[in-house]
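Below is one structure, written out as structure tokens; comments come after it.
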Protein chains: 2
Amino acid sequence: MSVLRNSRQAISVSDEKLAARCARGRVIVIDDDVQILAALAALFELEGYACETYTSALAYLDILNFPSPSFPGPCCVLCDIKMPGLSGLELQRRLASLGDTPLLFMSGDSGAQEAVSAFRAGAIDFLIKPIDVDVLLASINRALACSSECQQAQIRRDVLAARIAMLTERERDIARRVAAGQTNPEIAAKLNIALRTVKLHRQRALEKIGAGGTVDLVRIADEVGL
Amino acid sequence: MSVLRNSRQAISVSDEKLAARCARGRVIVIDDDVQILAALAALFELEGYACETYTSALAYLDILNFPSPSFPGPCCVLCDIKMPGLSGLELQRRLASLGDTPLLFMSGDSGAQEAVSAFRAGAIDFLIKPIDVDVLLASINRALACSSECQQAQIRRDVLAARIAMLTERERDIARRVAAGQTNPEIAAKLNIALRTVKLHRQRALEKIGAGGTVDLVRIADEVGL
DNA sequence: TAAGTAATTGCCCTTTGGTGCAATTGTTTT
DNA sequence: AAAACAATTGCACCAAAGGGCAATTACTTA
């Protein structure tokens with residue numbers, strides 16, 4: 001039932017459907033039990049999500065090393081905590097430095113200690129087997145919603161950061177001062193340059209950043225820094 | 001060893017020391033085992049924190065109902081999860097609606113389920129007995145630091161909210177529009193009032209809010225709303 | 001009823017912000 | 001060396017922001 005997909009596969013005719021599913025949400029399931037993988041994959045696909053399955057944490061990490069073009073959309077990882085090779089908690093440590101994909105754990109007979117470690121390290125949820133389907137789906141929904149938000153915010157930050165990167169040193173400096181509330185004459189005095197020069201840099205900075213006015217600039221400065 | 005303190009007690013000569021301890025951090029310990037309470041209280045007092053102990057969740061909630069003047073400072077609750085009467089998780093539910101005091105749980109033989117429930121409901125940590133003293137203190141430190149941050153932010157928001165509450169409807173409306181980037185002439189046109197009037201309200205709003213300029217107003221508006 | 005508060009407006013003046021036009025200088029890239 | 005980019009400045013003009021002064025109107029409160 002379950003189809004193992006990785007992002008390296010060639011573009012095929014089924015990609016349209018896959019893209020649609022990915023847009024809704026992509027669930028990455030990692031478990032050494034193939035039966036469970038199959039069952040979960042079937043469940044998630046039935047719910048309209050895209051699903052990728054891996055039989056080990058390493059297999060998943062391998063895929064991540066190929067920054068292949070994947071369909072956009074929210075994404076979360078559902079991972080068994082007890083697996084041969086890399087355990088779930090170890091995977092979590094390695095993922096932490098990479099991105100901000102929400103991580104959910106599944107556990108059979110683990111004690112409280114593992115759950116605590118998982119949450120401390122930032123896990124978004126910890127599901128104890130036997131897992132209720134509704135609870136699982138609700139949890140996955142939360143995780144995907146969280147991922148979606150993060151991604152949107154990240155995209156916005158990236159766009160703005162790219163624009164800010166286009167500023168020259170002078171422009172950035174003056175934009176910073178403007179965002180700090182300094183007036184043009186004040187800035188001119190501080191930098192020992194002509195008022196006209198300040199105005200010019202200020203204007204250029206606003207243009208490059210794409211801020212409609214000073215008010216926008218302040219918000220952008222507070223959001224992504226300058 | 002441990003001294004049970006509640007905020008209703010009369011001001012006494014030892015209050016200076018207590019105030020100093022509270023400023024460093026106040027740990028509220030709830031456990032039905034008096035031995036443990038005594039030991040923890042001794043530990044925390046030794047570390048320079050103020051410590052209040054309660055033998056049941058209800059006893060603590062009772063105290064909260066008397067909004068008595070307490071010394072300011074960061075504060076956290078360390079609570080056994082398994083207690084007669086109100087359990088730790090039930091206490092958590094009731095506290096959630098009250099304030100944002102960080103909550104830490106202690107647990108002897110609880111399963112993962114309780115830890116998961118605690119974290120889902122926002123617990124800041126979950127300590128499994130036997131508890132390592134260093135781990136405990138580190139966790140308490142995190143919680144108090146968190147509390148401190150929250151309190152500072154809350155105070156700031158309260159101050160600003162109080163100022164904003166002094167605005168008249170007109171002033172608030174115009175401040176909103178200014179924060180949204182509208183110019184005085186635009187606002188005047190929208191509201192069908194004279195430019196001079198807009199300027200006056202704008203000026204008054206900035207004064208009352210205590211914003212040095214438009215830049216400040218934008219930040220305040222984004223932080224506490226208008 | 002008198003005082004106080006809030007909203008309103010006009011006139012006038014200064015400071016800031018926003019731009020166009022034109023030009024100079026130094027550095028970097030092709 | 002020519003072209004391109006960044007920083008700089010002067011002059012002039014207009015729009016917007018910030019206030020001072022004075023006055024009117026409507027509504028609420030002591």
Side-chain angles (χ1 to χ4, degrees), chain A residues 157-226, chain B residues 157-226:
Chain A
R157 276 194 300 274
D158 287 347
V159 168
L160 293 176
R163 290 180 187 168
I164 288 172
M166 294 172 59
L167 297 180
T168 66
E169 283 307 310
R170 243 342 184 206
E171 287 163 353
R172 194 192 325 277
D173 182 22
I174 288 174
R176 249 192 298 264
R177 292 170 186 273
V178 169
Q182 293 180 27
T183 66
N184 289 343
E186 282 170 357
I187 298 171
K190 277 283 180 189
L191 301 182
N192 278 312
I193 55 180
L195 177 59
R196 187 65 187 84
T197 310
V198 175
K199 289 182 177 180
L200 195 62
H201 287 314
R202 177 177 189 154
Q203 183 188 352
R204 290 251 161 84
L206 286 180
E207 273 174 25
K208 287 186 179 178
I209 290 179
T214 305
V215 166
D216 276 345
L217 178 63
V218 171
R219 294 209 161 90
I220 291 172
D222 283 351
E223 190 175 342
V224 303
L226 272 181
Chain B
R157 275 193 301 273
D158 287 348
V159 168
L160 293 176
R163 290 180 186 168
I164 288 172
M166 295 173 57
L167 298 181
T168 64
E169 283 306 310
R170 242 341 186 206
E171 286 163 354
R172 194 193 322 279
D173 183 22
I174 288 174
R176 248 192 298 265
R177 291 169 187 273
V178 169
Q182 293 180 28
T183 66
N184 289 344
E186 282 169 357
I187 297 171
K190 276 284 179 188
L191 300 181
N192 277 313
I193 55 179
L195 177 59
R196 187 66 188 83
T197 310
V198 175
K199 289 182 178 179
L200 196 61
H201 288 313
R202 178 176 187 155
Q203 184 188 351
R204 291 251 162 83
L206 285 180
E207 273 175 25
K208 288 186 180 178
I209 291 179
T214 305
V215 166
D216 276 345
L217 178 63
V218 171
R219 294 209 161 89
I220 292 172
D222 283 352
E223 190 175 343
V224 304
L226 272 183

Completion exercise
P185(A) has its side chain closest, among dT8(C), dG20(C), dT16(C), to dT16(C)
Exercise for the section: Determine the sole option in T197(B), V198(B), D173(B) for which the side chain to side chain contact (heavy atoms under 4.5 Å, CB included) test with L191(B) is passed. Expected result: D173(B)
Problem - Close side-chain approach of E171(A) and H201(A), heavy atoms under 4.5 Å - result: yes
Completion exercise
Ranking G213(A) and N192(B) by the position along DNA chain C of their nearest nucleotide, the one closer to 5' is N192(B)
Problem - Nearest listed nucleotide, side chain of K199(B), among dG18(D), dT8(D), dT9(C) - result: dG18(D)
Exercise for the section: Go through dA7(D), dG19(D), dT9(C) for me and flag the one nearest to the E171(A) side chain. Expected result: dA7(D)
Problem - Protein-nucleotide distance (L206(A), atom CG; dG17(C), atom C1'), rounded to Å - result: 11 Å
Practice task
Establish, with yes or no, whether the OP1 or OP2 oxygen of dA6(C) is under 4.0 angstrom from a side-chain nitrogen or oxygen of H201(B).
Solution key: no
Exercise for the section: Confirm from the modelled atom types if R196(B) and dG20(D) form a donor-acceptor pair under 3.5 Å, side chain to base only. Expected result: yes
Handout entry: Nearest-Å distance for atom pair CZ/P, residues R204(B) and dT5(C)
Key = 11 Å
Problem - Touch class at under 4.0 angstrom, heavy-atom based, for T197(A) against every strand present - result: base
Problem - E169(B) CD to dC27(D) P, straight-line distance once rounded to whole Å - result: 17 Å
Exercise for the section: State, with a plain yes or no, whether a side-chain heavy atom of I164(A) is found less than 4.5 Å away from one of I220(A). Expected result: yes
Exercise for the section: Take atom CG of L191(A) and atom P of dA7(D), then tell me their distance rounded to the nearest Å. Expected result: 12 Å
Exercise for the section: Please report, rounded to the nearest Å, how far the C1' atom of dT9(C) is from the CZ atom of R170(B). Expected result: 13 Å
Exercise for the section: Output yes when at least one side-chain N/O atom of T168(B) is less than 4.0 Å from OP1 or OP2 of dA7(C), else no. Expected result: yes
Practice task
Round to the nearest Å and state the distance from D173(B) atom CG to dT8(C) atom C1'.
Solution key: 15 Å
Problem - Under-4.0 Å side-chain N/O to phosphate OP1/OP2 contact, T214(B) with dA17(D) - result: no
Handout entry: Atom-pair distance (CD on Q203(B); P on dA7(C)), nearest Å
Key = 14 Å
Handout entry: Minimum side-chain heavy-atom gap R202(A)-K199(A) below 4.5 Å
Key = no
Practice task
May I ask you to say what L200(B) touches in the nucleic acid, namely base, sugar-phosphate or nothing, with a heavy-atom cut-off under 4.0 Å?
Solution key: base
Completion exercise
In whole angstroms, the gap separating C1' of dT19(C) from CG of L195(A) amounts to 13 Å
Practice task
Output the single nucleotide from dT9(C), dT8(D), dA17(D) whose closest atom is nearest the side chain of N184(B).
Solution key: dA17(D)
Completion exercise
In terms of heavy-atom contacts, L226(A) and A179(A) come closest through CD1-CB, 4.3 Å
Handout entry: Nearest to side-chain heavy atoms of A194(A), which nucleotide of dG20(D), dT8(D), dG10(D)
Key = dG10(D)
